[in-house]
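Just so it is clear, the values below take in all heavy atoms, side chains as well, and ignore hydrogens, waters and symmetry mates. In what follows, every chain begins at residue 1, and chains take the letters A, B, ... in the order their sequences are listed. It should be emphasised that the depicted structure is a prediction, and the values quoted were computed from it without experimental measurement.
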Amino acid sequence: MPLRAVCCLEKGPAYTPPKPLYKACSEPRVTEFYRQYLAVAVFVVAALLMVAAMLGVGRLLRPTLPQEDKYLTYESGSDPLPLFGQANVRYYIYALLFVVFDVEAVFIFPWAVGAESLGWYGLTEMLVFIAVLLLGLAYVWRKGLLKWA
Amino acid sequence: MSESVLLALNIGWGTTLAIKTVVVLAFIPAAALILGYTFLLKMMSHMQSRLGPMDPGGFHGWFQLVGDGIKFMQKEDLMPAEADRRVFALAPAVIVISTFLVFVVIPAGPRIVVQPLDVGVFYALAVSSLSVIGVLMAGWASANKYALLGALRAAAQLIAYELPLVLAVVGVVVQAGTMNLQGIVLAQQGGHIFGWGGIGNPYILTQFVGFGLFMVASQAELTQPPFDMPVAESELVAGYMVEYTGFRFLFFFIGEFGTAFAFAALAATLFLGGWAIPGVHGTTADVLGPIVLFAKVMFVAFLMFWARFTYPRFREDQLQALAWKWLIPIALVNILATGVLKVWVK
């Protein structure tokens, strides 16, 4: 029974389950929730197994003739120079911008699902939110951060 | 006990999941090979007058793919002495995992789906972007200048185009009122075009802007030409893949073409009505659904590869400018327009 209690706390009494896409189960919804994501976990394991199996089969089939030169870093045929260790700062700016703009997706999607029921109220909220985002983009643009200098 | 129904057989959910996993496991490499054979080998040969892939085995070079497979098997497994061995070995696996996970939510029939998660689209786009991590791992662990440059370019490109990709889908979610891909297909099937429900309402009719954005952004996410700065053969050799040989290289191929298939399937599901056929329901739809979806996937993939074989490469600054100055503002305006129409017109 504790599972069912958690389920009720999470979903609230007014929750109406979505149209069932397959036969409903008689067990608490929390279990069903985890079971859905069990498929995701199984797929991670399956992908790893496939990679391991293919490499294992490959090991049986391929030749192995070690020579020192084969393990040199490829640099179009010339002797490799030491690797530089720093990346260009431009990528850093784009990563920062990405964080700012990607978080918005977290806010937009819940509204998108309930756009009809939220009506004009939700739409006005989203209008203001996206207007602020566009202002932010315009600011970044004006500041010249979008220019590849 | 709970049980799910798979084509009239009553079996437990564990068995069902195992069967589905094995089927998808076998299907993804096959999908990659189908796309690689049809488009990369044959369509490109015809469009660009390439004679090599048309030669082996006689008729239309049918043996080319088998020959490539044999070649990959015979390749020695080389790992540069300078490489970070564990990360180097794990990177292709991360990319394969990211490809596999997208297939969990793509429905091919009313009951032909591994798991119709409620956050469907959101989940699919989230796991597909996990491949950035694999690319960065591969580029960094190779300890190679080409690989590092390629990986950094790829990371900058993938995150820039992640935004229009995600935002392009919001319009569809607004219209369908759900993120569940199965729900989106059903919403399209049950839709009406000005009161006429003959073919439902494929969202490409109302979300053509979103479809365009999705196609451009997914092309960039796949690092296909014209967005192939990260792998640019003529200057970076093959970017982050340069130090990989044999089967390890093959995983990048499976990742790239498997993801191309997944994105084409997502586009077909979100904008072209997915597996749905007008007036067909129940078990018939379960049987015909995968065929219909496959036909739509091949059509969308044709569009993707058509662009790939036609346009020259973008410069890095043009590429970033296209994402930030065009696609993202257009996507945001599209979301607002869809929202206004949804609330106003219903």
Toward chain A, the part of Val242(B) with a non-hydrogen atom under 4.5 Å: side chain
Is there side-chain contact between Leu137(A) and Pro329(B), with heavy atoms separated by less than 4.5 Å? yes
Among Val113(B), Leu78(B), Val105(B), Thr338(B), residue most engaged with chain A (heavy-atom pairs, under 4.5 Å): Leu78(B)
Which of the residues Ala39(A), Ala46(A), Ala112(A), Gly122(A) is involved in the greatest number of heavy-atom pairs with chain B at under 4.5 angstrom? Ala112(A)
Please evaluate residues Lys342(B) and Glu116(A) with respect to the criterion side chain to side chain contact (heavy atoms under 4.5 Å, CB included), reporting the C-alpha separation (whole Å), side-chain torsions for both, the decisive distance (0.1 Å), and the verdict. CA-CA 7 Å; Lys342(B) 177 77 176 180; Glu116(A) 193 156 18; 3.3 Å; yes
How far does CG of Leu123(A) sit from CH2 of Trp344(B), to the nearest 0.5 angstrom? 11.5 Å
For the residue pair Met50(A) and Phe100(B), what are the closest heavy atoms and their distance? SD-CZ, 3.7 Å
Of the listed residues (Val114(B), Thr178(B), Val119(B)), which shares the most heavy-atom pairs with chain A below a 4.5 Å separation? Val114(B)
Of the backbone (N, CA, C, O) and the side chain (C-beta and beyond), which part of Leu127(A) lies under 4.5 Å from a heavy atom of chain B, both, or neither? both
Determine the minimum heavy-atom distance between Met179(B) and Val113(A), stating which atoms define it. CG-CG2, 3.6 Å
May I ask you to name which of Leu133(A), Val140(A), Asp102(A) has the most heavy-atom pairs under 4.5 Å with chain B? Asp102(A)
Nearest non-hydrogen partners of Leu48(A) and Ala93(B), listed with the distance: CD2-CB, 4.0 Å
I'd like to know whether Ile335(B) forms a side chain to side chain contact (heavy atoms under 4.5 Å, CB included) with Trp111(A), so could you lay out the CA-CA distance, the side-chain angles of the two residues, the decisive distance to 0.1 Å, and finally the verdict. CA-CA 11 Å; Ile335(B) 292 172; Trp111(A) 165 77; 3.7 Å; yes
Checked Gln318(B), Gln175(B), Glu243(B) vs chain A; the most non-hydrogen pairs under 4.5 Å come from Glu243(B)
Do the non-hydrogen side-chain atoms of Leu167(B) and Phe101(A) ever get within less than 4.5 Å of each other? no
Closest heavy-atom pair, Val44(A) versus Ile97(B), reported as atoms and distance to 0.1 Å, is CG1-CD1, 4.0 Å
Minimum heavy-atom separation for Lys75(B) to Arg62(A), with atom names? O-CB, 3.4 Å
Measure distances from Phe72(B) to the heavy atoms of chain A and classify the residue's part below 4.5 Å as side chain, backbone, both or neither. neither
Under a 4.0 Å N-O cut-off, is there an ion pair linking Arg59(A) with Asp77(B)? no
Should we say atom CD of Glu82(B) is surrounded by more than 12 heavy atoms from elsewhere, each under 6.0 Å from it? no
Heavy-atom contact with chain A under 4.5 Å, split by part of Leu25(B): both
Can you say whether Trp120(A) sits under 4.5 Å from chain B via the side chain, the backbone, both, or neither, judging by heavy atoms? both
Counting heavy-atom pairs under 4.5 angstrom with chain A, the leader among Val170(B), Leu117(B), Val166(B) is Leu117(B)
Below 4.5 Å from any heavy atom of chain A, which atoms of Leu250(B) appear? Answer side chain, backbone, both or neither. side chain
Between Glu68(A) and chain B, which part of the residue has a heavy atom less than 4.5 Å away: side chain, backbone, both or neither? neither
With a 6.0 Å cut-off (strictly less than), is the heavy-atom count around CZ of Phe107(A), excluding the residue itself, greater than 12? no
With a 4.5 Å limit on heavy-atom distance, are the side chains of Phe43(A) and Val24(B) in contact? yes
Using every non-hydrogen atom in the two residues, find where Trp324(B) and Phe98(A) come nearest and quote the distance to one decimal. CH2-N, 4.0 Å
Only pairs of heavy atoms separated by less than 4.5 Å count here; which of Leu49(A), Leu65(A), Leu61(A), Val57(A) has the most with chain B? Leu65(A)
dist Met73(B):CE -> Leu60(A):CG (nearest 0.5 Å) comes out at 11.5 Å
The interface call for Ala321(B) against chain A, heavy-atom contacts under 4.5 Å, is neither
Value rounded to 0.5 Å, distance of CG in Leu336(B) from CD1 in Ile108(A): 8.0 Å
In terms of heavy-atom pairs under 4.5 Å with chain A, which of Val127(B), Val94(B), Leu163(B), Val22(B) leads? Leu163(B)
Answer yes or no: is there a side-chain heavy-atom contact under 4.5 Å between Val40(A) and Gln115(B)? no
